[in-house]
Amino acid sequence: NNLRSANVKEEHRFRELAYASQRMMTSDHVVSRIVGTTGESILQTTAKLVDRYALFLSVIYVTLKCRVEVDVGILLDSSSSIKEWAVVVNATSEFVSVLKNQNVSVLFGVVLYANRPQIFRHFNQPVTVEDIRRLARISGGTQTDLGLNTMKQDIFKERNGDRKRVKNVCVVFTAGESNDRKATVSAASSLKAENVEIYTVGVEKANMEELEAISTSKKHVFFTHEIRDLTQALYGTLKAICPDA
């Protein structure tokens, strides 16, 4: 418990510094106050951020242990409502990194969607953390229903690497309301009927009622008002996927 409490405190410090650096708050005084030092240049402070935040991630994630094999479908909103795509792919890459470093087998299927869905990887295709970081966004509206349909029709299929008797999970990330809520809820219901657990991670302008309707239950919903907190929301999702962690 003491370790977890310390981790939470450290996370708040690092996230504050990360946000300051991301927004290019170029005051030495402001950034130095956050890290508790004086007389540092912005470059030195940013370097410290990278090193210490990496250490923080390694400490907090090392406690996460999945006990069962999982096939994880990741559905990423790439529509025009996403203002900071780099934050999305970086947070997603951390999520994938943690699950790839388990003692059990975890496979990934990845789909982007905007006006149309775009399959990036099936379960039987290898995916690396760098692949996720380099994901090129597509643009357009928020056709969440088409993304969910693709998950059912193409990703969670044995012919494309989905494994029998392995837990199936779909993580839906969105920052907006779908263009067709009725079709989206219907597509989600159809996917859940195939024994796929659906988690939703919503940020900023995501519609909470829609997230709850899409998800397997309200406990499968994670939301943050700030996209810079996406890593924390995905960490919550990870803990839910691996409840024994």
Side-chain angles (χ1 to χ4, degrees), residues 4 7-8 10-12 14-16 18-19 53 56-57 60-61 63-68 70-79 81-100 102 106 108-113 129 132 135 142 144-145 147-148 151 155 167-178 181 184-185 187-189 191-192 196-245:
R4 289 183 180 179
N7 283 340
V8 170
E10 283 294 276
E11 180 182 11
H12 286 309
F14 295 146
R15 280 171 46 220
E16 188 180 8
Y19 188 54
Y53 194 65
F56 161 73
L57 288 175
I60 197 168
Y61 283 157
T63 64
L64 295 171
K65 301 295 181 185
C66 280
R67 310 299 181 188
V68 297
V70 191
D71 288 346
V72 181
I74 300 174
L75 184 58
L76 293 177
D77 181 352
S78 180
S79 67
S81 62
I82 305 297
K83 304 305 180 184
E84 298 181 70
W85 181 246
V87 176
V88 174
V89 292
N90 285 334
T92 305
S93 68
E94 294 292 349
F95 176 80
V96 169
S97 177
V98 174
L99 286 175
K100 285 179 73 70
Q102 298 297 316
V106 180
F108 299 93
V110 184
V111 175
L112 282 66
Y113 71 95
V129 173
I132 301 297
L135 268 174
T142 311
T144 313
D145 58 315
L148 289 165
M151 280 289 169
I155 300 301
K167 182 178 180 180
N168 282 342
V169 169
C170 178
V171 180
V172 182
F173 164 75
T174 183
E177 188 171 353
S178 65
R181 181 176 177 179
T184 295
V185 173
S189 296
L191 182 59
K192 286 183 280 189
V196 177
E197 279 189 62
I198 299 180
Y199 292 85
T200 54
V201 181
V203 300
E204 296 182 343
K205 297 181 180 180
N207 185 295
M208 183 59 72
E209 290 184 6
E210 184 172 282
L211 295 180
E212 292 178 351
I214 294 172
S215 301
T216 295
S217 75
K218 290 183 178 180
K219 292 182 179 180
H220 288 66
V221 178
F222 296 85
F223 179 83
T224 176
H225 290 285
E226 297 288 343
I227 196 167
R228 64 189 174 95
D229 292 329
L230 180 57
T231 296
Q232 184 181 17
L234 285 172
Y235 173 75
T237 307
L238 180 61
K239 290 284 289 182
I241 293 173
C242 302
D244 292 331

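- Taking CG of L191 as the reference point, atom CG of N168 lies at 8.5 Å (rounded to 0.5 Å).
- Qualifying side-chain contact (heavy atoms from CB on, under 4.5 Å) partners for A188, counting only residues two or more places apart in sequence or in other chains: L148, K192, I198, I214.
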Output, in order, the C-alpha distance, side-chain angles, deciding distance and verdict of side chain to side chain contact (heavy atoms under 4.5 Å, CB included) for V110 and T92.
CA-CA 11 Å; V110 184; T92 305; over 6 Å; no
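- Here the closest non-hydrogen pair linking V221 and S215 is CG2-OG, 3.3 Å.
- Across G202 and L211, no two heavy atoms sit closer than the pair CA-CD1, 3.8 Å.
- Side-chain atoms of S178 and T144 include no donor-acceptor pair closer than 3.5 Å.
- Between F173 atom CZ and I82 atom CD1 the span is 4.0 Å, to the nearest 0.5 Å.
- Under the side-chain contact (heavy atoms from CB on, under 4.5 Å) criterion, S97 pairs with N101, V129, not counting sequence neighbours.
- The shortest non-hydrogen separation linking V196 to T216 is O-OG1, 4.2 Å.
- Minimum interatomic distance between Q102 and L99 (heavy atoms only, all atoms of both residues): CG-O, 3.3 Å.
- The two atoms that bring M151 and G109 nearest to each other are CE-O, 4.3 Å, heavy atoms only.
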Side chain to side chain contact (heavy atoms under 4.5 Å, CB included) assessment of F95 paired with I241
CA-CA 11 Å; F95 176 80; I241 293 173; 3.9 Å; yes
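- Side-chain contact between L135 and V88 is absent, with no heavy-atom pair separated by less than 4.5 Å.
- Every residue two or more places apart in sequence or in another chain that forms a ring pair (Phe, Tyr, Trp, His ring centres under 6.0 Å) with Y199 is listed here: H220.
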Walk me through it: do F222 and V171 pass the test side chain to side chain contact (heavy atoms under 4.5 Å, CB included)?
CA-CA 10 Å; F222 296 85; V171 180; over 6 Å; no
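- Legend: salt bridge (Lys or Arg N to Asp or Glu O under 4.0 Å) pairs involving residues 167-176, not counting sequence neighbours, sorted by first then second residue: K167-E197.
- Looking at S93, its side chain does come within 3.5 Å of a backbone N or O of N90 through a donor-acceptor pair.
- In this view, S79 and D77, S81, T142 satisfy the side chain to side chain donor-acceptor pair (under 3.5 Å) rule, not counting sequence neighbours.
- Contact check for I132 versus I74: no side-chain heavy atoms found under the 4.5 Å cut-off.
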